[in-house]
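The next block holds one structure in the form of C-alpha cells; read it before the comments.
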Amino acid sequence: MKRSLDATADRFDDQSETYDETRPERTVETARRVTDRALADTDGSETALDIGAGTGAVALGIAAGVDHVCALDISDGMLDRARTKADERGVDSVTFGYGSFRDPGGTVDLPAVDLVVSNFAMHHLDDGEKADAIETVAGLLTDGGRFVLGDVIVFDEATRSVEYYSPAVDDPATVEYLVRTFEAAGFAVTTERVGPMAGVVEGRLPEP
Ligand SMILES: C[S@@+](CC[C@H](N)C(=O)[O-])C[C@H]1O[C@@H](n2cnc3c(N)ncnc32)[C@H](O)[C@@H]1O
C-alpha cells in the first residue's frame with residue numbers, strides 16, 4: 001500500500017461530499033458492469049458484501065436483487081454519504097460499517113456471504129495485500145459463492161496510462177496476476193475488459 005489506511009481514509013473523507021458528481025466515467029462504467037454481473041446470477045436470497053463501498057454505487061445497485069448487503073469502507077465520510085443515499089431511496093436492506101480488505105469484520109458482525117463485490121478500491125493495495133484480500137474473501141464465501149471485482153487493471157503495458165491512476169497512491173495489478181491469484185484462492189475465473197485500463201474479474205468457488 002503506497003499510503004497508510006488512515007491517509008487513504010482521510011483522502012476519501014475529503015472527497016466524499018463531491019465524489020458522486022466528480023467520479024470519472026470509468027468508475028461509473030465498471031460499477032455498472034460489476035452490478036450487472038452480480039445480479040446476473042442471484043435469486044433474491046443472497047447475503048452480499050461490498051468492500052470499499054464508497055458512496056454505495058454497487059451496494060445500492062444490487063440491493064433490490066439480493067436479501068441483504070453489508071457495505072464496508074474505511075472512510076466515515078464516504079459511508080455517511082452512502083447512508084444518506086440509502087435513506088433518501090428508502091433502502092433498508094443495506095447496512096454500512098467500517099471494514100477494510102485486511103479486516104472486513106472491523107466493526108461489523110459479518111455473516112456468511114454468497115456474493116462479494118468491490119469496485120475501484122483494491123488498487124490501493126500492493127500485490128501481496130491483494131493476494132491476502134482475495135484469500136480472505138474466499139474464506140468469507142459460502143460454497144459456490146462469487147467475488148465480482150471491478151478495478152483499474154493493467155491489461156497490457158501499451159495501454160498503461162496515468163489517466164487511469166495516480167502512481168503516487170495507486171498500485172493496479174496486471175490481469176494475469178489477478179487471474180493467477182483468484183485461481184490460487186480456489187476460484188474459477190472469467191475476466192472482462194471494460195476500458196483501456198479497467199475491467200472486471202469474476203471468481204466462483206466450487207459447489208460442494
Ligand atoms: C474510488 S472509491 C470507489 C467507491 C465505490 N466502490 C464506487 O464504485 O464508487 C474507493 C473506495 O475504497 C475505499 N478504500 C480504499 N482502501 C480501502 C481498504 N483497504 N479497505 C476498504 N476500503 C478501502 C475508499 O475509502 C473509497 O471509498
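When a residue number appears, it is its place in the shown sequence, counting from 1. Start at 1 and go down the list; that is how both ligands and their atoms are numbered. The shown structure was predicted, so the numbers you read here are calculated from the model rather than taken from an experiment.
Listed by number with element, the atoms of ligand 1 under 4.0 Å from a non-hydrogen atom of Phe120 are 1 (C), 2 (S), 3 (C), 10 (C). Those atoms of ligand 1 that come under 4.0 Å of a heavy atom in Leu5, given as number and element, are 19 (N). Close approach of ligand 1 to Asn119 (heavy-atom distance below 4.0 Å) involves ligand atoms 3 (C), 5 (C), 6 (N), 7 (C), 8 (O). Ligand-side atoms of ligand 1 in range of Thr8: 15 (C), 16 (N), range being under 4.0 angstrom from any heavy atom. Heavy-atom contacts of Met78 reach the following atoms of ligand 1: 27 (O) (cutoff under 4.0 Å).
Ligand 1 has a nitrogen or oxygen under 3.5 angstrom from a nitrogen or oxygen of Arg23. Where the criterion is an N or O separation shorter than 3.5 Å, residue side chain and backbone included, Asp50 fails it with respect to ligand 1. For Gly52, a nitrogen or oxygen atom sits less than 3.5 Å from a nitrogen or oxygen atom of ligand 1, counting backbone and side chain alike.
A heavy-atom separation below 4.0 Å is not found between Ala9 and ligand 1. Residue Val58 places no heavy atom under 4.0 Å from ligand 1. The shell of residues lying under 4.0 angstrom from ligand 1, judged by heavy atoms, excludes Gly150. A heavy-atom separation below 4.0 Å is found between Leu125 and ligand 1.
The backbone and the side chain of Phe101 each have at least one atom closer than 4.0 Å to an atom of ligand 1 (non-hydrogen atoms only). Residue contacts with ligand 1, taken as heavy atom pairs separated by less than 4.0 Å, do not involve Arg102 at all.
Closest of all the heavy-atom pairs between Ala131 and Tyr177 is CB-OH, 3.5 Å.
How far CG of Asp170 is from CE of Met122: 14.0 Å, rounded to the nearest 0.5 Å. Taking CZ from Arg204 and CG from Asp143, the interatomic distance works out to 12.5 Å, rounded to the nearest 0.5 Å. Atom CG of Leu141 is separated from atom CG of Leu115 by 7.5 Å, given to the nearest 0.5 angstrom. Glu88 contributes atom CD, which lies 14.0 Å from atom CZ of Arg83 (distance to the nearest 0.5 angstrom). Summarising the geometry, atom CZ belonging to Arg33 is positioned 12.0 Å from atom CG belonging to Asn119; distances are rounded to the nearest 0.5 Å. Taken from OG1 in Thr174 to CD1 in Ile153, the straight-line distance is 9.5 Å, to the nearest 0.5 Å.
When Val152, Leu79, Asp73 are checked for heavy-atom proximity to atom 11 (C) of ligand 1, Asp73 turns out nearest.
Annotation: Glu25, atom CD; neighbour count of heavy atoms from other residues, nucleotides and ligands within 6.0 Å is above 12.
In this model, a donor atom of one side chain and an acceptor atom of the other lie less than 3.5 Å apart for Thr159 and Asp156.
Ring pair Phe147/Phe182 is parallel by interplanar angle, where below 30° counts as parallel and above 60° as perpendicular.
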